[in-house]
Protein chains: 2
Amino acid sequence: MAKKKFDKDQVIDSVIALFWQQGFTATSIQQIVEVTGLKPGSIYHEFGSKEALFQLALTRYTDNSIYEMNEVLNTSLDVCEGIRKILSNLVQLANQPEYCGCFLIKSQLELSASNSQVYQYTLASLQKTENNYRNFLSRKFDNEKANCYARQLMMVIFAIRVYGYQDIQNTSLLQTSLELLPWLQTE
Amino acid sequence: MAKKKFDKDQVIDSVIALFWQQGFTATSIQQIVEVTGLKPGSIYHEFGSKEALFQLALTRYTDNSIYEMNEVLNTSLDVCEGIRKILSNLVQLANQPEYCGCFLIKSQLELSASNSQVYQYTLASLQKTENNYRNFLSRKFDNEKANCYARQLMMVIFAIRVYGYQDIQNTSLLQTSLELLPWLQTE
DNA sequence: TAAATTATTGAGTGATCATTCAAAATTTGG
DNA sequence: CCAAATTTTGAATGATCACTCAATAATTTA
């Protein structure tokens, strides 16, 4: 067996930014060739298709997002403080000049008309995210409340992700988010 | 002057659905040829470019959306009732099987990396929508409150637009929206 | 009706699209 | 070190992309 020369993980990493910024359709294999340094043949030998590579990139993004999310949540002493930290981080991202939204949401909107496997994946992943928040919230709240709050939280996160393109002052987006979720205030 | 044979407005109307569903990049001139019955030459003679036609389609969608929004608002006796009707309509749209989100938001996310004129238009249009809500809310609330509530409302609307892809039961999305905006309850 | 003006045509432009594959290079097992 | 296995190559595939333009058709003006 011949050993692989290039690092598959590294290729996926460099491709994430491309797909994230431009979307699936607007990103060409040629651009992937330029960014990765691989030739078309190598890309297709390793990944099979543009769509399969896109799925790998999106999966890595999602897994990484959920991992980081849980890291913030699990290092917080208070449940609500953890959520607040998450929201604060999202708003901070939204205020960066090179902000390009949420890869998962962008993909969902772009591919919604196709009903492809990748689109189904975005649906499932966002549901998984909500479930993750619900589980975390049930540390503090009863099941009914955790359920309601998790959905509210998801909606506010969606809102931040989209509103983030609008350039308003740094603090305002976070403030409005906290107004929408009064139960986040522990005091 | 030779009289025009085809109805420009009608062409734009048939093209809206195409761009709305598939996005700018994924929609080809060939598809536009098929849908409108026009030949490529006619399309370019009349509209100049794919992007210009897209802009016309998006502008009509936006103008129409704001018109319909104001129609609902102005035929409501109470300010909050008007807003509730808007939200209810949006949720109802989101629950239709052929739901394809908000054309403006989809375009914003797709074109955000390009920083094109169309992208700038999406930013301005969504800002205009928020201003419209703020003006309406100031019928009932003082300026400060109208400002806060308009932003909250925009965020909830963004959230509905995105969450709408997830297939949850009909009532749940509206209920969560109303939970997020308790000031909508007049009683 | 004749001439001028404009709309429409549709085959054709070169560029770029995702993808392929036989050949070359590389690596490993014996 | 040789042979088998695997990776990598990169030119080439046909399809499709947005777009053009000289020719034709339709309409208006004079």
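Chain letters run A, B, ... following the sequence lines, proteins first, then strands; residues in each count from 1. Remember, it's a predicted structure, so these values are computed and weren't measured experimentally.
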S.K.: Please list, chain by chain and in numerical order, all residues satisfying side-chain hydrogen bond (donor to acceptor under 3.5 Å, both in side chains) with B/S65, sequence neighbours excluded.
M.R.: none

S.K.: Over how many whole Å does the gap from B/E46 atom CD to C/dT6 atom C1' extend?
M.R.: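 Atom CD in B/E46 sits about 11 Å away from atom C1' in C/dT6.
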
S.K.: For B/H45 and C/dT6, give me the distance from atom NE2 to atom C1', rounded to whole Å.
M.R.: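 Answer to the nearest Å: 7 Å.
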
S.K.: Please collect all ring pair (Phe, Tyr, Trp, His ring centres under 6.0 Å) contacts where either partner lies in residues 119-138 of chain A, sequence neighbours excluded, each pair once.
M.R.: none

S.K.: Just checking, is any N or O donor in the side chain of B/T186 or B/E81 under 3.5 Å from an acceptor N or O on the other one?
M.R.: no

S.K.: Compare side-chain N and O positions of A/S42 against OP1 and OP2 of D/dT9 and report whether any pair is under 4.0 Å apart.
M.R.: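 True: A/S42 side-chain N/O within range (under 4.0 Å) of D/dT9 OP1/OP2.
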
S.K.: Going by salt bridge (charged side-chain N to carboxylate O under 4.0 Å, His left out), name the pairs with one or both residues in residues 52-71 of chain A, residues two or more places apart or in two chains.
M.R.: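 Non-adjacent pairs meeting salt bridge (charged side-chain N to carboxylate O under 4.0 Å, His left out): A/D9-A/R60, A/D13-A/R60.
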
S.K.: Run the side-chain hydrogen bond (donor to acceptor under 3.5 Å, both in side chains) test against B/N115 and tell me which residues pass, sequence neighbours left out.
M.R.: B/Q120

S.K.: Hey, does the side chain of B/K39 come within less than 4.0 Å of C/dG10's phosphate (OP1/OP2), counting only N and O?
M.R.: yes

S.K.: May I have the distance from B/I43 (atom CD1) to D/dC17 (atom C1'), rounded to whole angstrom?
M.R.: 14 Å

S.K.: For nucleotides 14-20 of chain C, give me every protein contact, N/O to N/O, under 3.5 Å, one pair per line with atom names.
M.R.:
residue: C/dC17; atom: OP1; partner: A/S28; partner atom: OG; Å: 3.4
residue: C/dA18; atom: OP1; partner: A/T27; partner atom: O; Å: 3.1
residue: C/dA18; atom: OP1; partner: A/K50; partner atom: NZ; Å: 2.8
residue: C/dA18; atom: OP2; partner: A/I29; partner atom: N; Å: 2.8
residue: C/dT19; atom: OP2; partner: A/Y44; partner atom: OH; Å: 2.5
residue: C/dT19; atom: OP2; partner: A/K50; partner atom: N; Å: 3.0
residue: C/dT19; atom: O5'; partner: A/Y44; partner atom: OH; Å: 3.3

S.K.: How would you list, by chain and number, every residue that makes a side-chain hydrogen bond (donor to acceptor under 3.5 Å, both in side chains) with A/N131, sequence neighbours excluded?
M.R.: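 A/Q127, A/R134.
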
